[in-house]
A.B. asks: 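I am attaching a structure below and will ask some questions about it afterwards.
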Protein chains: 2
Amino acid sequence: MTTKDTIIKLASDLILEKGFNAFSFYDLSEKMGIKTASIHYHFPSKTDLGIAVIRQQSESFIALQAATESKDALSKLEAFFSIYIRHKSQGKVCLVGSLCTDLYSLDPAIEKELKPVVEGILQWVTDILKEGKRKGVFHFSAAPRTKALLLITNMLGILQVSRITGKTDFNEVRTALLKELKTKKE
Amino acid sequence: MTTKDTIIKLASDLILEKGFNAFSFYDLSEKMGIKTASIHYHFPSKTDLGIAVIRQQSESFIALQAATESKDALSKLEAFFSIYIRHKSQGKVCLVGSLCTDLYSLDPAIEKELKPVVEGILQWVTDILKEGKRKGVFHFSAAPRTKALLLITNMLGILQVSRITGKTDFNEVRTALLKELKTKKE
DNA sequence: GTCTATATTCCGATAGAC
DNA sequence: GTCTATCGGAATATAGAC
């Protein structure tokens, strides 16, 4: 892995652990054994680094989307959930939640970069739900996009809340969501 | 309102707007027309101020709980939602979401203060759901505490996500949640 | 209770040598 | 591409006068 990629990876970890405003170039320099000036060589400003983190996560999302393209709706949804499972196992929140709470304190370029990513995720989950409903494996009555917002906010929110209420609540919520989606109504 | 209360109110606003790590005593001093040293007289440390903000919100929650005690379950749930509606109208996220994303960068005293508050809210919503189900006005299959987590994370999450996806998504989600709860299954 | 003044620390960022 | 050195600014916090 290049130095640049290592910086992005460690910055990403810190943003999901402590928040964008709570991590510093010095934190990275300590972990990497290089000086802060060297980090500035790769990313002139902290905003530049933030944007790189968003792009990296976006690519990761798109790769997961592509890798599960031929699978059924349930597998796709489980792939989507797997992202949050991994985050939870590391005590992290998700990038959207972390950046959105701090959004109005950040450079507008961050919001600009984040917006299409969020919309892409929302579209992906919406499509998964539509497909699942069409094939009769998912059952829900709300509009697909609304149902996608519900699922996304449940996962985003439980990563945050379960930092306080306890780790087991994450699986409680994830399991309930799957069960509810699979259950036929009326 | 006393100076102390004004500080708490403005600090609360800033935490919900920009996050704990992004606001400063200087921000408060500017808004109030007093110096930062005067704020330190009331709150020796920023952590002390954070704790005061949590206590104030906790009292506000408990007051709402008490004020709606004799009402029906639907009214209680709408009272709970009204908190988020007010926040959304001001572009704010909720205190739990804001503090949880930054939690691991804050003084442990913050977490200690926040934990019983979150548990109190969770208990309240759980009780509302239990009552609603018993009286036949709410319908859901998950455990009441799990369903409460789902509702809370939906509201917490949509305050954050709708900063990006657009304001109307908040009402979309809120309406869908109420409709789903009121709909009888099978 | 609020002020001036200041101590201290930390952070983002840049210049210039290697 | 990484280093040393440093600038400029901002933030928390404290001392002491009023």
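Here the structure is a predicted model, which means the values were calculated and not measured. Reminder, nothing fancy here: chain letters follow the sequence lines and each chain counts from 1.
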A.B. asks: Give a yes/no answer on whether the side chain of A:T36 brings an N or O atom under 4.0 Å of OP1 or OP2 in C:dG12.
C.D. replies: no
A.B. asks: Kindly say if A:H40 contacts the phosphate of D:dT2, meaning a side-chain N or O under 4.0 Å from OP1 or OP2.
C.D. replies: no
A.B. asks: Is the shortest side-chain N to carboxylate O distance from B:K76 to B:E131 below 4.0 Å?
C.D. replies: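 B:E131 and B:K76: salt-bridged.
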A.B. asks: Using atom CG of B:L28 as one end and atom C1' of D:dA13 as the other, report the distance to the nearest whole Å.
C.D. replies: 15 Å
A.B. asks: Students often get this wrong, so: under 4.0 angstrom with heavy atoms, is A:F23 touching a base, only sugar-phosphate, or nothing?
C.D. replies: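 Touches sugar-phosphate only.
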A.B. asks: Please confirm whether the shortest side-chain N or O distance from B:K35 to OP1 or OP2 of C:dT2 is below 4.0 Å.
C.D. replies: no
A.B. asks: Does A:K35 make a cation-pi contact with A:Y41, if we ask for NZ or CZ under 6.0 Å from the ring centre and within 45° of the axis?
C.D. replies: no
A.B. asks: Just compare C:dT2, D:dC3, C:dA13 and give me whichever is closest to any side-chain atom of B:S38.
C.D. replies: C:dT2
A.B. asks: Output the rounded distance in Å from OH (B:Y26) to P (C:dT9).
C.D. replies: 24 Å
A.B. asks: What is the separation between atom NZ on A:K18 and atom P on C:dC10, rounded to the nearest whole Å?
C.D. replies: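 After rounding, the gap between these two atoms is 12 Å.
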A.B. asks: Which nucleotide, D:dT2, C:dT14, D:dT12, lies nearest any side-chain atom of B:F25?
C.D. replies: D:dT12
A.B. asks: So which nucleotide from D:dA5, D:dA13, C:dA13 ends up closest to the side chain of B:K46?
C.D. replies: D:dA13
A.B. asks: In this structure, how many angstroms lie between the P atom of D:dA10 and the CD atom of B:E30, rounded?
C.D. replies: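 Distance, rounded to whole Å: 11 Å.
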A.B. asks: For A:F43 and D:dT2, give me the distance from atom CZ to atom C1', rounded to whole Å.
C.D. replies: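 It is 15 Å, rounded to the nearest whole Å.
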A.B. asks: Only counting residues at least two apart or in another chain, list the ones meeting salt bridge (Lys or Arg N to Asp or Glu O under 4.0 Å) with B:E30.
C.D. replies: none
A.B. asks: Roughly, in whole Å, what's the span from CG in B:D107 to C1' in D:dA13?
C.D. replies: 15 Å
A.B. asks: Counting only side-chain nitrogens and oxygens, does A:Y41 get under 4.0 Å of the OP1 or OP2 atom of D:dT2?
C.D. replies: no
A.B. asks: With a cut-off of under 6.0 Å to the ring centre and 45° to the axis, is B:K92 in cation-pi contact with A:Y104?
C.D. replies: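 Negative - B:K92 is either too far from the ring of A:Y104 or too far off its axis.
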A.B. asks: Mind calculating the distance between CG (A:N21) and P (C:dC10) to the nearest angstrom?
C.D. replies: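 The distance from CG of A:N21 to P of C:dC10 comes to 18 Å, rounded to the nearest Å.
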A.B. asks: I need the CG-P distance between A:D5 and D:dG1, as an integer number of Å.
C.D. replies: 12 Å
A.B. asks: May I ask you to say what A:S24 touches in the nucleic acid, namely base, sugar-phosphate or nothing, with a heavy-atom cut-off under 4.0 Å?
C.D. replies: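 Here A:S24 touches the backbone only, sparing every base.
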A.B. asks: If you draw the axis of the six-membered ring of A:F140, does the NZ or CZ of A:K133 fall within 45° of it and under 6.0 Å from the ring centre?
C.D. replies: yes
